[in-house]
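See structure below.
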Amino acid sequence: MKIIKVKNYEEMSKRAAFIIASQVSIKEDSVLGLATGSTPIGTYKQIINIYNDKLIDFKNITTYNLDEYYDLSEENEQSYRCFMNQNLFNHINIDKKNTFVPNGKAENPEKECKRYDSLVEKSGNIDLQILGIGSNAHIGFNEPDDKFAKGTHLVDLKQETIDANARFFKSKEEVPKKAISMGMKNIMAAKKVILLASGENKAQAIKSTIEGPINPLVPASILQLHPDVTFILDEEAASRLDK
Ligand code: GLP
């Protein structure tokens, strides 16, 4: 496990974008695992800058997003598909046909989960997975539970996650109560993982993830078992670590 401590959100975003840009340059047909939430927005902006400087090419890149709200259509502004289009895909030369997000409107969510897993597997698994973290240490939408979920699955969101994500919706009632999320098998099969965290509200989740026991009640703690994981933390997110 590698820990990179940086001063603030901007530095975190630059460091992460640099790693992603290197991956895309070294392997032009890379498979990227992408995350949503406010944390990676700065990273995506930096990637767009690097792309505009003509230093990277997304023509042959494939992406898989971690998750999508259940029962939200992709046209809904709060859908993660919409988020990805607005914050990244619309600004780079990626072929949208090669960008995958679980279908939140799938009539049969179980079938959709299986379909998504087989797509990821067929692509040879993810080369570089980008993760944020919830304040309860969830990754993707793998919420604290008594066991780690393996494959893509339908999740009942925890109240704290609904509350945290309510800031993106007009009212708390509008926040979906369920989501489709990749499981830990998908995430752990990624060849390289980077987890980004910024802000004091992530400090405890980061401490438990890195220094606590591996425990499904702290979903991100499973990353301790990943052979190539890098945490990029700003001062506040790293503030409770022992060293
Ligand atoms: C959502 C997403 C996660 C993300 C988390 C934290 O629940 N499913 O992938 O890491 O929010 O979001 P933020 O970066 O806005 O704090």
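In this text the structure is predicted, and so the values were computed from the model without any measurement. As the structure lists them, so they are numbered: ligands from 1, and atoms in each ligand from 1.
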ask   = Quick one: does Arg167 get within less than 4.0 Å of ligand 1, heavy atoms only?
value =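 Checking ligand 1 against Arg167, which is what was asked, there is a heavy-atom contact under 4.0 Å.
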request  = Examine Leu34 and Tyr80 and state if one hydrophobic cluster contains both, with Ile, Leu, Val, Met, Phe, Trp and Tyr joined whenever side-chain heavy atoms are less than 4.5 Å apart.
outcome  =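 No.
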Below the 3.5 angstrom mark, is there an N/O of [X], backbone or side chain, next to an N/O of ligand 1?
X	answer
Thr161	no
Pro40	no
Ile133	yes

task = Scan side-chain atoms only and decide if Gln159 and Asp163 contain a donor-acceptor pair under the 3.5 Å cut-off.
result =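 Yes.
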Within the 4.0 Å heavy-atom shell around [X], which atoms of ligand 1 are there?
X	value
Thr39	13 (P), 14 (O), 16 (O)
Lys202	13 (P), 14 (O), 16 (O)
Gly37	12 (O), 14 (O), 15 (O)
Gly132	10 (O)

message = Looking at non-hydrogen atoms alone, which of Gly140, Ser181, Ser198 comes nearest to atom 9 (O) of ligand 1?
response =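 The nearest heavy atom belongs to Gly140.
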Interatomic spacing from [atom1] in [X] to [atom2] in [Y] - rounded to 0.5 Å:
X	Y	atom1	atom2	value
His91	Tyr51	NE2	OH	11.5 Å
Leu131	Leu196	CG	CG	8.0 Å
His226	Met184	NE2	CE	12.0 Å

Please work out whether any backbone atom (N, CA, C, O) or any side-chain heavy atom from C-beta onward of [X] is under 4.0 Å from ligand 1, and answer side chain, backbone, both or neither.
X	answer
Tyr80	side chain
Ser38	both
Asp67	side chain

ask   = Do the charged groups of Lys207 and Asp242 touch, with an N to O distance under 4.0 Å?
value =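 Yes, this pair counts.
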query = Are Glu121 and Lys185 ion-paired here, with the side-chain N under 4.0 Å from a carboxylate O?
reply =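 Salt bridge present between Glu121 and Lys185.
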ask   = Could you go step by step and tell me if Phe58 and Val24 meet the side-chain contact (heavy atoms from CB on, under 4.5 Å) rule?
value = CA-CA 7 Å; Phe58 286 86; Val24 169; 4.0 Å; yes
inquiry  = Among all protein heavy atoms in this structure, tell me which lies nearest to atom 4 (C) of ligand 1, with the distance rounded to 0.1 Å.
reply    =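 Scanning the protein heavy atoms, the shortest distance from atom 4 (C) of ligand 1 goes to Thr36 O, 4.0 Å.
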query = Which heavy atom of the protein is the closest neighbour of atom 7 (O) of ligand 1, given with residue, atom name and distance?
reply =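 Sorting protein heavy atoms by distance from atom 7 (O) of ligand 1 puts His138 NE2, 2.8 Å first.
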query = Can the ring centroids of Phe169 and Tyr69 be said to lie less than 6.0 angstrom from one another?
reply =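 So the answer is yes for these two rings.
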